[in-house]
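Counting convention: from 1, in listed order, for ligands and their atoms alike. Remember, it's a predicted structure, so these values are computed and weren't measured experimentally.
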Amino acid sequence: MAEPKTNELMEKIVSLCKRRGFIFQSSEIYGGINGFWDYGPLGAELKKNIRDRWWNDMVRQRDDVVGLESSIIMHPKVWEASGHVGGFTDPMVDCKASKQRFRADQIFFAAVVVDGKTVGYVSALESDRTTEDLQEKAETFKRKKAIQGKLELVQPKDFTEAKPEEVPLVPSPATGEPGSLTPPRGFNMMLETNVGALRDESSVAYLRPETAQGMFVDFKAIVDTGRVKIPFGIAQIGKSFRNEITPRNFIFRSREFEQMEMEYFISDEDDWQKWHRYWIDWCRNWLLSVGLPADLLSEYDHPKEKLAFYSKGTTDIMFRFPFGVQELWGIAARGDYDLSQHAKFSGAGLVYFDEASKRRYVPHVVEPAVGIDRILLAILCSAYCEDQAPDDKGKMETRVVLKFHPRIAPIKVAIFPLLKNKPELVKKAMAVRDLLRPYLTVFYDEAGAIGRRYRRQDEIGTPFGVTIDFDTLGEKPELLDTVTLRERDTMQQTRVKISELVPLLLEKIR
Ligand code: ATP
């Protein structure tokens, strides 16, 4: 199977998404708006399948997790208590020459050291080959300046680690020249709005930057009204908003995105590491269950010294995207920080009373947090492939296939009458469509040669195709009321009785 090269692959995926109605740039007819995306008919189905599956596995199939849908705009104090007003910042750097803006932790730089002496600096934007980029730039630098001596291997650092005296010496990634980058400064990523008729400071509110705070703020209401007993979790799916400095990599980093988060409350005396491991494994298995290949997943433990002071441990499940290995799902052990902060700021008693031990305490929490858009992108990237298949005349041609797991494929089965100008075939095909429709997402297609119709479905990842031909109508009496069932990946076709289609397909999709 041909494996397209990295960026070429991203370009192909972006173009396929646009061409076939998965994802469009938001407000495109007005020139677009950076960091916002629209999901078209197929994208909306795919996203819904991911969302529904997570909700089913996380909430409906478990006794210990309940669901929540809290409001997007909450009392502004929520974000003071959570630390977002004061600290939800990314380090921002401006290039005064190009007027471009960067995230400091995405600019990498290194000293060019020859015979133990620093002779200059090179920089590169973060990629999956940052170190190689910097090394090549250092070699070019030395050659261009005709410096003699032995060039040492570069030691990359990100721009947040630049010493004040280094800042003016690091070249801007935009211009390649030093002197135009500002020192990093904090940029708050919360999007503001005003609530009510007055537009002054007292009416400022925020679009939530994460869904998690809803679970902490409603903790007491859920404990008081529900059937929950520690350990238990509260799960929520919903939109979040971050004014990202550099939205990029298609839907990977956007300003409006959708999260699936769960707060799992445990006793302050329980072994948090056990639960942390449990949820890392749960998340990894869930990703495998929607078809992500194990060899593209890895784990990254945040180093202790980089954790927030309250955090006990954070592990990210990473995915190898075509643009590098990046965070997909973060699983954080957050201690009792969030509940304690909200208790302090609101005055509400956010303690839990344990009936058995008659003890009151503030529960600790383990939080798996993931973005649906990122999962969807990971699914698209790993599902995309090109192979060779014969066209209607038997000539080999390149076939583009999205090998979605049938569970999450936007359309499960396509229905084709062999010919559209034969009313008996069309009538029968429509009857098959109506038979399947209550159980599965189906797509009826009668336009063009059958081979073309197969290709169109392969390209949008439809796992099964059902063709109604003259044998279905009884041309060969022993084949009356049978159809061909074609499998997307193998392209193999089998003859199946119409009456057996529903159970057979449901079994394959489950
Ligand atoms: P990053 O370091 O990539 O900015 P983060 O560590 O700030 O992410 P969290 O605050 O832990 O992310 O958010 C939880 C999850 O939400 C992430 O693992 C990711 O899947 C998703 N997510 C966060 N920011 C974005 C974004 N701007 N666009 C799309 N998804 C996002």
Side-chain angles (χ1 to χ4, degrees), residues 23 26 33-39 43 47 50-51 54 58 79 82-84 87-92 102-106 126 158 160 186-191 206-216 235-263 276 279-280 283-284 286-287 290 292 297-303 306-308 310-311 313-321 323-334 337-338 365-381:
I23 301 166
S26 164
I33 169 165
N34 200 6
F36 297 88
W37 299 94
D38 293 345
Y39 288 81
K47 206 171 172 196
I50 297 170
R51 196 191 284 127
W54 186 88
M58 181 59 98
W79 307 108
S82 68
H84 284 82
F88 192 54
T89 53
D90 264 353
M92 179 174 69
F102 301 96
R103 240 174 80 172
D105 57 348
Q106 291 171 352
E126 184 185 23
D158 78 49
T160 58
F187 169 77
N188 194 301
M189 291 199 291
M190 281 205 293
L191 281 155
Y206 304 97
L207 302 191
R208 67 178 173 203
E210 59 174 37
T211 61
Q213 296 307 318
M215 281 79 108
F216 299 121
Q236 162 152 242
I237 299 181
K239 287 273 178 125
S240 293
F241 303 81
R242 295 182 187 180
N243 198 2
E244 296 279 358
I245 299 168
T246 46
R248 59 181 185 155
N249 290 328
F250 197 25
I251 53 171
F252 177 81
R253 185 178 300 291
S254 350
R255 290 181 167 138
E256 173 178 337
F257 54 101
E258 194 167 336
Q259 289 185 306
M260 307 194 287
E261 296 193 287
M262 197 274 293
E263 304 303 323
H276 192 225
W279 284 108
I280 298 168
C283 297
R284 190 172 178 282
W286 191 87
L287 292 170
V290 293
L292 290 187
L297 297 173
S298 54
E299 280 177 27
Y300 169 75
D301 295 324
H302 288 231
K306 290 212 170 171
L307 292 175
Y310 53 81
S311 175
T314 296
T315 300
D316 292 338
I317 299 182
M318 313 292 284
F319 181 79
R320 180 176 292 284
F321 288 95
F323 44 85
V325 175
Q326 297 281 346
E327 170 182 340
L328 190 57
W329 205 325
I331 299 99
R334 300 176 59 89
Y337 177 74
D338 306 273
V365 78
V366 175
E367 171 196 87
V370 70
I372 300 185
D373 314 78
R374 276 196 195 172
I375 292 185
L376 193 143
L377 183 59
I379 286 175
L380 278 170
C381 292

Is ligand 1 under 4.0 Å from a heavy atom in the side chain of [X], in the backbone, in both, or in neither?
X    : value
L328 : backbone
Q326 : neither
R253 : both

Minimum-distance protein heavy atom relative to [atom]:
atom                    : answer
atom 11 (O) of ligand 1 : E327 OE2, 3.8 Å
atom 29 (C) of ligand 1 : F252 O, 3.2 Å
atom 28 (N) of ligand 1 : S254 N, 3.0 Å
atom 15 (C) of ligand 1 : A369 O, 3.7 Å
atom 21 (C) of ligand 1 : G371 N, 3.6 Å
atom 7 (O) of ligand 1  : R242 NH1, 3.1 Å
atom 19 (C) of ligand 1 : R374 NH1, 3.4 Å

- [ ] Using the six-membered ring of F252, assess whether NZ or CZ of R374 lies under 6.0 Å from its centre and within 45 degrees of the ring axis.
- [x]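 Relative to the ring axis of F252, which defines the angle, R374 lies inside both limits.
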TODO: Determine, using ring centers only, whether F319 and F321 are less than 6.0 Å apart.
DONE: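 Ring-ring flag for F321/F319: true, centres closer than 6.0 Å.
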N/O of [X] under 3.5 Å from N/O of ligand 1, yes or no?
X    : answer
D373 : no
E261 : no
F257 : no

Open item on the list: Around atom CZ of R320, are there more than 12 heavy atoms from other residues, nucleotides or ligands closer than 6.0 Å?
Closed with: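 Not more than 12 within 6.0 Å, no.
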TODO: For Q213 and S82, test the side chains for any donor-to-acceptor distance below 3.5 angstrom and give the result as yes or no.
DONE: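 No, because no side-chain N or O of Q213 sits under 3.5 Å from a partner of the opposite role on S82.
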- [ ] Scan side-chain atoms only and decide if T315 and E299 contain a donor-acceptor pair under the 3.5 Å cut-off.
- [x]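 Per modelled atom types, T315 and E299 side chains form no pair under 3.5 Å.
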TODO: Would you please classify the geometry between the F250 ring and the W37 ring as parallel, tilted or perpendicular, with 30° and 60° separating the classes?
DONE: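 Ring orientation of W37 relative to F250: perpendicular.
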Open item on the list: What I'd like to find out is whether the side chain of M215 reaches to under 4.5 Å of the side chain of E367, using heavy atoms alone.
Closed with: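 Not touching, per the 4.5 Å side-chain cut-off.
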Open item on the list: Within the 4.0 Å heavy-atom shell around Q259, which atoms of ligand 1 are there?
Closed with: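 In order of number, 13 (O), 14 (C), 15 (C), 16 (O).
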- [ ] Examine distances only and state if a side-chain atom of N188 and a backbone atom of M190 form a donor-acceptor pair shorter than 3.5 Å.
- [x]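 Side chain of N188 to backbone of M190, a donor-acceptor pair under 3.5 Å: yes, one is there.
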Task: H276 side-chain N/O to V366 backbone N/O, donor-acceptor pair under 3.5 Å - done: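 Pair absent, no side-chain N/O of H276 close to backbone of V366.
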